[in-house]
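Quick notes on the structure that follows.
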Amino acid sequence: MADSEVNEHLFKVLVVGDASVGKTSIIKRFVHGIFSSNYKATIGVDFALKVVQWDDNTVVRLQLWDIAGQERYGNMTRVYFRESVGGFVVFDVTARKSFEAVERWLSDLVEKVRLPSGEPIPIVLLANKVDLLDDEGEAFMKDEELAELVGRFGITAVFATSAKQDIGINEASSALIEAILENE
Ligand code: GDP
Ligand code: MG
């Protein structure tokens with residue numbers, strides 16, 4: 001029967017941002033439901049797969065590509081970007097420098113990655129480690145610079161997250177999946 005058909009999607013999603021902003025921790029939280037304060041720094045690229053039952057007839061497999069921030073992409077650039085359909089750009093709300101680097105990461109994604117249609121991939125920005133702020137990132141979310149970046153790069157959404165306290169990660173992923181599905 002047509003209405004019992006299950007649509008399965010495999011989406012390659014890039015996770016970028018400076019070193020130690022919490023990229024690997026966010027992925028571990030999202031995929032395995034755990035947090036540990038002593039992960040080894042990612043070397044090169046790591047992959048993780050998260051299977052999401054999106055609705056009754058849609059299963060989404062997110063293949064998350066985690067990269068070591070300090071090394072940039074090295075000589076893996078083309079392999080890393082190829083066929084990706086969405087991205088998370090992560091910064092640490094307690095590290096100003098990691099926020100300043102967001103613009104560079106966004107420029108990179110916009111310049112180097114395109115969907116087959118020629119459109120840029122949808123990007124969701126994650127303001128991570130909000131557990132370390134007293135206001136759960138509220139002040140940050142109203143930041144004018146942040147609003148400017150969102151407008152200029154056409155960012156899909158911004159979420160305050162915490163891998164430690166499991167804040168905002170599922171919501172952010174849903175927003176990205178929704179945007180990716182709209183491009184299908
Ligand atoms: P990556 O280099 O971007 O992959 O960052 P990691 O995931 O390795 O995290 C770097 C450090 O920040 C580790 O000590 C993590 O435990 C810590 N960390 C990551 N996410 C959070 C968070 O949401 N809150 C807090 N308090 N610490 C975090
Ligand atoms: Mg890492």
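Keep in mind that the numbers below use all heavy atoms, side chains included, and drop hydrogens, waters and symmetry copies. In each ligand, atom 1 is the first atom listed, and ligand 1 is the first ligand listed.
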Considering distance alone, does some N or O of Thr161 sit under 3.5 Å from an N or O of ligand 1?
-> no
Could you list which atoms of ligand 1 come closer than 4.0 Å to a heavy atom of Ser162?
-> 23 (O)
Close-contact set for ligand 1 against Ser36 heavy atoms, below 4.0 Å | 16 (O)
Salt bridge (charged side-chain N to carboxylate O under 4.0 Å, His left out) contacts in which one or both residues fall within residues 164-184, not counting sequence neighbours = none
Starting from the C-alpha separation in whole Å, work towards a yes-or-no answer on side chain to side chain contact (heavy atoms under 4.5 Å, CB included) for Ile123 and Leu106.
-> CA-CA 8 Å; Ile123 295 168; Leu106 289 171; 3.8 Å; yes
Check ring-ring contact (aromatic ring centres under 6.0 Å, His included) between Phe11 and all other residues, then give those that pass, not counting sequence neighbours.
-> His9
Distance filter under 4.0 Å to Ser37 heavy atoms, resulting ligand 1 atoms | 14 (O), 16 (O)
Are any of the N/O atoms in Phe35 less than 3.5 Å from those in ligand 1?
-> no
Can you tell me if an N/O/S atom from Ser25 lies under 2.8 Å from the Mg ion (ligand 2)?
-> no
Give yes or no for whether the N/O distance cutoff of 3.5 Å, strictly under, is met between Thr24 and ligand 1.
-> yes
Leu132 neighbourhood, listing ligand 1 atoms whose heavy-atom distance to it stays under 4.0 Å = 26 (N)
Ligand 1 and Val21, any nitrogen or oxygen pair closer than 3.5 angstrom?
-> yes
Lys23 neighbourhood, listing ligand 1 atoms whose heavy-atom distance to it stays under 4.0 Å = 1 (P), 2 (O), 3 (O), 4 (O), 5 (O), 7 (O)
Kindly compute the distance separating NZ (Lys23) from CG (Asp18), expressed to the nearest 0.5 Å.
-> 7.0 Å
Check each heavy atom of Asn128 against ligand 1 and say whether those closer than 4.0 Å belong to the side chain, the backbone, both or neither.
-> side chain
Heavy atom of Ala19, distance to ligand 1 below 4.0 Å = yes
If you measure from the Lys or Arg side-chain nitrogens to the Asp or Glu carboxylate oxygens, is any gap between Glu8 and Arg61 under 4.0 Å?
-> yes
Is any side-chain N of the basic residue among Arg96 and Glu145 closer than 4.0 Å to the acidic one's carboxylate O?
-> yes
Give the ring-plane orientation class for Phe47 versus Trp65, where under 30° counts as parallel, over 60° as perpendicular and anything between as tilted.
-> perpendicular
Separation of Thr161 OG1 from Phe88 CZ (nearest 0.5 Å) | 9.5 Å
Which one of Gln165, Lys28, Arg29, Lys129 has a non-hydrogen atom at the shortest distance from atom 27 (N) of ligand 1?
-> Lys129
Is there a side chain to side chain contact (heavy atoms under 4.5 Å, CB included) between Val158 and Leu146 once you walk through the steps?
-> CA-CA 9 Å; Val158 187; Leu146 183 62; 4.2 Å; yes
